[in-house]
Asks: 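One structure, pasted below without further comment.
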Amino acid sequence: MSLTTHESSTTRPTVVLVHGAFADSSSWNDVIVSLRNDGYPVIAAANPLRGLHADAEYLRTVLDSVDGPIVIAGHSYGGSVMSQAADGHPQVKALIYVASFILEEGESTGELAAKFPGGELGPALNPVPLPSADGQEVADLYIQQDRFREVFAADVPEEVTALMAVTQRPIVGDALEEKATRAAWKNIPSWNLVTLEDLAVPAESQRFMGERAGSRNVEVDASHAVSVSQPEAVARLIDEAARTATS
């Protein structure tokens, strides 16, 4: 069974939203409200955050379940997963990178995170060891709760970031080191929302990746958690991409 109705799939493309590390699908809530009010069917995928290739395989199953055209928006590490998963998918018409990573084949998320100065996320991470499926020890990465607002969501109200810090979803550290083998932006039009007050993925890095990908770059004064602090700006860019790519 498709995740969208036949009626909705014939009116607007389905928007698939992919969250990144230290967040969950609820980080898109206000974006979803805006998109649904504009008539878009929306799916917020639950990114597993267990490994780039495994996460992309999961996202591909979500894409395969949708009838009709699709536009995808990925936040942060969600953009890495999106680029891997969407490559060659015939229904995907646009990619929207939101404070995101836009990987070239052979690059890792961690490699690009360290490419330009200004990122403060690394020192704020707390690794929690756990056994992997093959018996090797890996680590889940969390943002220290007392630093969450500072480095991830400085323009979000404190009462909201306090909850976000507690409910954050960790990412396996090795996922940030896995190298991309696909780059969907080479064949699918892309848009890139650059967040100028970002301490997790510096704006300079976002600009570099967007320009390299030939994306339409749009800049906004926001923290890394732009989908929470400025959901209308995110929804507007998704709407622009959807209208342009499916007109």
Side-chain angles (χ1 to χ4, degrees), residues 17-31 47 49 52 73-83 96-103 107-128 139-173 175-177 191-213 215 217-234 237:
L17 304 171
V18 188
H19 69 80
F22 320 116
D24 62 20
S25 293
S26 69
S27 62
W28 296 107
N29 279 356
D30 290 339
V31 177
N47 190 353
L49 306 178
L52 176 60
H75 175 250
S76 194
Y77 166 78
S80 301
V81 175
M82 176 175 77
S83 292
I96 303 96
Y97 295 93
V98 179
S100 188
F101 292 97
I102 310 176
L103 301 184
E107 289 179 334
S108 70
T109 303
E111 179 183 340
L112 279 175
K115 189 174 181 67
F116 293 94
E120 298 184 17
L121 181 61
L125 295 178
N126 181 38
V128 177
D140 258 345
L141 302 179
Y142 294 81
I143 300 175
Q144 297 164 22
Q145 289 189 23
D146 60 355
R147 297 202 62 194
F148 189 94
R149 185 169 191 265
E150 169 197 349
V151 302
F152 197 84
D155 57 351
V156 176
E158 286 189 40
E159 63 270 20
V160 177
T161 56
L163 294 174
M164 292 171 65
V166 171
T167 61
Q168 66 177 290
R169 289 192 47 216
I171 186 169
V172 172
L176 302 177
E177 305 310 318
W191 283 252
N192 183 38
L193 188 65
V194 176
T195 41
L196 298 177
E197 307 301 324
D198 201 317
L199 297 182
V201 185
E204 185 179 5
S205 179
Q206 295 178 44
R207 284 195 199 101
F208 162 78
M209 290 184 282
E211 290 168 1
R212 180 178 66 175
S215 306
N217 280 359
V218 175
E219 300 190 352
V220 61
D221 287 314
S223 73
H224 193 59
V226 63
S227 63
V228 180
S229 66
Q230 296 198 38
E232 289 298 327
V234 176
L237 189 61

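Note that this is a predicted model, so its numbers are computed, not measured. The analysis underlying the following values was restricted to heavy atoms, covering all of them including side chains, and did not include hydrogens, waters or symmetry mates.
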Asks: Can you check whether Lys115 reaches Glu204 side chain to side chain, under 4.5 Å on heavy atoms?
Replies: no

Asks: Looking at side-chain heavy atoms only, is the closest gap between Phe152 and Leu199 below 4.5 Å?
Replies: no

Asks: For the residue pair Gln230 and Val220, establish whether any side-chain heavy-atom pair is separated by less than 4.5 Å.
Replies: yes

Asks: Enumerate the side-chain hydrogen bond (donor to acceptor under 3.5 Å, both in side chains) contacts for residues 159-170, please, sequence neighbours excluded, ordered by first and then second residue.
Replies: His19-Arg169

Asks: With side chain to side chain contact (heavy atoms under 4.5 Å, CB included) as the test, would you mind laying out the steps for Leu103 and Ser108 before giving the verdict?
Replies: CA-CA 7 Å; Leu103 301 184; Ser108 70; 5.8 Å; no

Asks: Looking at Phe22 versus Tyr142, is the centre-to-centre ring distance below 6.0 Å?
Replies: no

Asks: Between CD1 of Ile102 and OH of Tyr97, what distance do you get to the nearest 0.5 Å?
Replies: 5.5 Å

Asks: Could you pull out the closest heavy-atom pair between Val234 and Ser227, with the gap in Å?
Replies: CG2-CA, 4.0 Å

Asks: Any side-chain heavy atom of Pro170 sitting closer than 4.5 Å to one from Leu141?
Replies: no

Asks: For the residue pair Ala99 and Thr195, what are the closest heavy atoms and their distance?
Replies: CB-OG1, 3.4 Å

Asks: Apply side chain to side chain donor-acceptor pair (under 3.5 Å) to Asp24 and Ser26, showing your working.
Replies: CA-CA 5 Å; Asp24 62 20; Ser26 69; 2.4 Å; yes

Asks: Under 3.5 Å, side chain of Ser83 to main-chain N/O of Gly79, donor-acceptor pair present?
Replies: yes

Asks: Can you tell me how far apart CG (Leu17) and CG (Asn29) are? Round to the nearest 0.5 Å.
Replies: 10.0 Å

Asks: Considering only heavy atoms from C-beta outward, does the side chain of Val98 approach that of Val226 to under 4.5 Å?
Replies: yes

Asks: Search all heavy atoms of Ser27 against all heavy atoms of Val228 and return the closest pair with its distance.
Replies: O-CG2, 3.6 Å

Asks: Can you sort out the partners of Leu196 under side-chain contact (heavy atoms from CB on, under 4.5 Å), two or more places apart, ordered by chain and number?
Replies: Val194, Ala203, Arg207, Glu219, Asp221

Asks: Minimum heavy-atom separation for Ser100 and Ser76, please, with both atom names.
Replies: OG-O, 3.0 Å

Asks: What closest approach, in Å, do Pro123 and Gln144 show between heavy atoms, and which atom pair accounts for it?
Replies: O-NE2, 3.6 Å

Asks: Could you please spell out the steps behind the side chain to side chain donor-acceptor pair (under 3.5 Å) verdict for Gln206 and Asn192?
Replies: CA-CA 8 Å; Gln206 295 178 44; Asn192 183 38; 5.6 Å; no

Asks: To the nearest 0.5 angstrom, please state how far the OG atom of Ser215 sits from the CD1 atom of Ile96.
Replies: 10.5 Å

Asks: Nearest 0.5 Å, please: how far is CD1 in Ile143 from CG in Leu121?
Replies: 5.0 Å

Asks: Hey, are the side chains of Val18 and Tyr77 touching, using non-hydrogen atoms and a 4.5 Å cut-off?
Replies: no

Asks: Quick one, Val201 and Met209 - any side-chain contact, counting heavy atoms below 4.5 Å?
Replies: yes

Asks: Working to the nearest 0.5 angstrom, can you tell me the gap between Leu49 CG and Asp140 CG?
Replies: 9.0 Å

Asks: Could you tell me which residues satisfy ring-ring contact (aromatic ring centres under 6.0 Å, His included) with His75, sequence neighbours excluded, listed by chain and number?
Replies: His224

Asks: In Å, rounded to the nearest 0.5 Å, how long is the span from CE of Met82 to CG of Asn47?
Replies: 11.5 Å

Asks: Stepwise, does the side chain to side chain contact (heavy atoms under 4.5 Å, CB included) test hold for Arg147 with Glu120?
Replies: CA-CA 10 Å; Arg147 297 202 62 194; Glu120 298 184 17; 4.1 Å; yes

Asks: Just so I know, are the side chains of Phe208 and Phe116 near enough to count as touching, which here means a heavy-atom distance under 4.5 Å?
Replies: yes

Asks: So, for Ser229 and Val156, which heavy atoms are closest and what is the spacing to 0.1 Å?
Replies: CB-CG2, 3.8 Å

